[in-house]
Enquirer: 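Pasting a structure below so you can have a look.
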There are 2 protein chains.
Amino acid sequence: MATIYDVAKRAGVSPKTVSRVLNGDAPVSKKTRSSVAAAMDALGYVPSLAARSIKSQKSGLIGLITGAISTVNEVVTAGGLPELFIVQGVQHVMANSGKTLLIADTAGQQERVPTLIRTFREHRVEGLLYVADFHKKIALPLPIDGVQTVLANCYDDFGTPSVLPDDEAGQLALTREVIAQGHRRIGYLTLASGHEATRLRLSGFKTALAEAGLVYDPDLTIAVDMFGTHGEHQLIWDALDRILTNDDVPTAICCGNDRLAMAVYGILRDRGVGIPEQMSVAGYDDHRTISEALFPALTTAELPYNAIGARAAQLLLGMIENPATASITAPIHVSGRVQKRGSVTRPRRDASVVINLKGRTTS
Amino acid sequence: MATIYDVAKRAGVSPKTVSRVLNGDAPVSKKTRSSVAAAMDALGYVPSLAARSIKSQKSGLIGLITGAISTVNEVVTAGGLPELFIVQGVQHVMANSGKTLLIADTAGQQERVPTLIRTFREHRVEGLLYVADFHKKIALPLPIDGVQTVLANCYDDFGTPSVLPDDEAGQLALTREVIAQGHRRIGYLTLASGHEATRLRLSGFKTALAEAGLVYDPDLTIAVDMFGTHGEHQLIWDALDRILTNDDVPTAICCGNDRLAMAVYGILRDRGVGIPEQMSVAGYDDHRTISEALFPALTTAELPYNAIGARAAQLLLGMIENPATASITAPIHVSGRVQKRGSVTRPRRDASVVINLKGRTTS
DNA sequence: CAATGTCATGACACCGGTGTCATGTCAACT
DNA sequence: AGTTGACATGACACCGGTGTCATGACATTG
């Protein structure tokens with residue numbers, strides 16, 4: 001690999017002059033500039049950031065850790081890893097800021113985290129981003145001295161700056177939309193009750209009901225724990241059975257996420273319940289691979305992963321540029337839009353057909 | 001940030017001795033070792049890889065580019081980006097090899113690629129990985145001199161080493177399974193016909209049919225172009241309509257991917273066709289968020305993304321270690337497993353109910 | 001014409017590590 | 001006792017850039 005000295009020699013100038021041409025930080029005569037450019041070109045010269053950074057003390061690197069970072073309570077989902085979208089949001093911002101991302105995935109082995117951080121520090125990263133796979137509380141393995149840190153999709157007890165989805169507002173807005181369509185009784189299949197998101201969304205759900213003067217019926221809210229595939233369908237089947245056999249059958253069901261809604265589509269139809277004619281269904285996440293492809297397309301609340309990533313990146317960059325900003329702040333909440341598609345429509349009067357179908361079981 | 005000189009001063013030794021303690025590459029007395037260790041500890045010293053690498057000429061960095069890398073023919077899908085799994089496969093291998101990944105996402109802007117490569121070269125990456133979002137042919141923007149390169153999920157015309165999914169073998173194995181269940185007439189909804197994968201899988205499909213002595217009926221193979229959501233369902237609806245109104249209605253349908261299968265579930269059921277009682281459905285990809293959650297769970301062929309990533313990483317590491325290996329090789333094909341779940345079962349004799357339902361249209 | 005200022009460029013040290021070689025100490029061996 | 005060699009350590013240069021300061025050539029001004 002050619003060095004600045006090679007270029008200098010070939011162009012018949014000093015290395016420092018080549019440096020000046022490279023950075024344009026001091027006047028260089030036209031003639032010299034072009035001969036230096038020619039030499040760089042001929043040699044395929046690319047300056048070394050390593051050399052540069054030992055002098056400047058700036059690496060231009062940002063470290064990002066994804067994957068299972070020490071979860072506080074042991075709720076684990078083999079989720080759909082949409083954290084990728086967070087990472088993309090981060091990358092987009094970073095690309096425009098001239099920083100380069102160093103990414104490490106723990107692949108669930110949190111004991112690796114200290115090693116990764118060590119590697120990042122050896123690379124002299126200017127900032128650190130933790131990206132969690134779902135909204136949760138974490139405990140940083142080490143207090144990271146000197147390196148600015150931002151948490152995305154997670155938070156801790158020590159006031160580390162963090163960016164979170166506004167799950168409460170999301171479910172609130174979505175439920176409002178369902179109610180606006182005329183539904184008065186709404187079932188709710190939540191994710192595992194231990195999740196942070198579940199608690200917040202349920203709160204939003206209740207608020208929407210209260211706003212509209214509707215009563216919240218605990219019998220219609222059922223938590224579905226989704227650990228892997230085994231028995232998952234049976235759980236959902238049972239939950240739906242309880243809802244469908246209720247004395248006053250709801251006309252709409254909200255689901256903890258799009259994936260759950262997808263399963264609900266199948267089970268409801270398998271029981272002869274038409275969607276959305278007999279039952280409106282709403283999701284959460286707006287995981288577009290699912291929500292757009294489902295038939296009918298799914299009305300759902302966006303989990304603004306991309307925006308969360310972007311926001312976290314901006315926050316971090318701000319903290320790096322002006323460390324004073326790094327004062328302990330409350331988490332930043334990012335809210336997503338309600339995506340109205342075809343699965344939530346006005347309820348039909350004769351939805352009672354539903355009741356006839358109770359009693360079947362999955363094979 | 002503390003330097004090796006700070007540590008040396010505090011421990012009362014020369015920097016070189018600290019270096020020896022750090023690397024364990026020369027004998028150091030026990031006493032010295034412990035006092036140096038104490039000093040490093042007290043100062044929170046972490047060696048600088050930048051300084052190290054200018055001397056050693058080894059960065060320990062591998063560059064990875066994801067996203068829309070200059071596609072040759074302009075078929076574009078806003079796909080589900082399962083390329084993430086390829087990246088995970090890569091990371092897993094890299095983590096165990098001591099290299100660190102530098103990742104850049106073009107976010108669809110291929111004009112950025114040259115800039116990214118430039119940045120990577122400034123970081124003196126030892127190898128470069130291109131990861132495409134789906135099996136395709138690409139044209140590298142530049143011949144990358146000096147930096148070993150491997151293509152994952154894509155290939156080019158210049159014999160750059162590449163790792164690809166074995167789409168033909170995958171569809172072959174999957175179709176064999178469908179046939180083994182007793183199906184004799186099988187519909188096939190393929191992805192856009194311009195895709196590499198479509199061609200290969202169709203070939204595997206035909207081979208399986210031929211092996212079993214079944215005739216391939218072109219009327220039952222329909223390409224579904226999936227550009228975004230608009231009109232997509234109508235296309236699928238029409239395609240299914242053609243299949244369901246065929247004189248000899250098939251008992252099973254293979255789909256170009258799991259996402260398509262998901263839409264097919266909805267549309268078939270909406271037309272009153274039970275799954276799998278009246279129609280078996282198979283997917284492709286084994287995108288587990290979909291395939292496991294669908295009801296019934298989807299029988300599908302695995303697109304071994306993780307393995308592709310791992311294989312590509314291994315190949316690259318081998319090329320770096322022993323550049324002689326870098327001779328132009330044929331693409332490496334990685335095949336995936338057939339995941340037998342609940343959506344393909346033995347066909348029922350009285351599947352004729354299907355025919356009655358033609359004629360409805362989507363709203 | 002001398003004094004002054006601007007422009008273009010180079011010499012040199014330094015950033016934080018490591019390879020090479022030299023030096024000093026002490027135990028073992030003839 | 002003198003020689004030899006293993007062991008422990010340090011001095012120094014070098015990797016590839018950049019900041020600082022000095023220098024020389026001209027043009028401008030009084």
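Naming: A, B, ... by sequence-line order, numbering from 1 per chain.
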Enquirer: Taking only side-chain N and O atoms of B/Ser29, does any of them lie within less than 4.0 angstrom of OP1 or OP2 on D/dT9?
Expert: yes
Enquirer: Is B/Ser14 near enough to D/dT9 that one of its side-chain N or O atoms lies under 4.0 angstrom from OP1 or OP2?
Expert: no
Enquirer: Any side-chain N or O of B/Thr32 less than 4.0 Å from the OP1 or OP2 oxygen of D/dT9?
Expert: yes
Enquirer: Using the side-chain heavy atoms of B/Ala51, tell me which of these nucleotides is nearest: D/dG19, D/dC7, C/dG16.
Expert: C/dG16
Enquirer: In this structure, are over 12 heavy atoms from other groups packed under 6.0 Å from A/His92 atom NE2?
Expert: no
Enquirer: Looking only at heavy atoms, what is the nearest atom pair of A/Leu315 and A/Pro161, with distance?
Expert: CD2-CB, 4.0 Å
Enquirer: Whether A/Lys58 and A/Glu126 form a salt bridge (side-chain N of Lys/Arg under 4.0 Å from carboxylate O of Asp/Glu) is what I want to check.
Expert: no
Enquirer: Just to confirm, is there a sub-4.0 Å distance from OP1 or OP2 of C/dG10 to any side-chain nitrogen or oxygen of A/Tyr5?
Expert: no
Enquirer: Does a side-chain N or O from B/Ser48 land closer than 4.0 Å to OP1 or OP2 of C/dC15, or not?
Expert: no
Enquirer: Write down the distance between CZ (A/Arg20) and C1' (D/dG16), rounded to a whole number of angstrom.
Expert: 16 Å
Enquirer: If you compare every side-chain N and O of B/Ser53 against the phosphate oxygens of D/dC15 (OP1, OP2), does one of them come in below 4.0 Å?
Expert: no
Enquirer: I want to check one thing: is the phosphate of C/dT18, taken as OP1 and OP2, less than 4.0 Å away from some side-chain N or O of B/Ser56?
Expert: no
Enquirer: From C-beta outward on A/Thr3, which listed nucleotide comes closest to its side chain: C/dT9, D/dG17, D/dG19?
Expert: D/dG17
Enquirer: Nearest whole angstrom, please: distance from the C1' of C/dG19 to the NZ of B/Lys58.
Expert: 13 Å
Enquirer: Between D/dT18 and A/Gln57, is there an OP1 or OP2 to side-chain N/O distance shorter than 4.0 Å?
Expert: no
Enquirer: From CZ of A/Arg52 over to C1' of C/dC14, roughly how many Å is that when rounded to an integer?
Expert: 17 Å
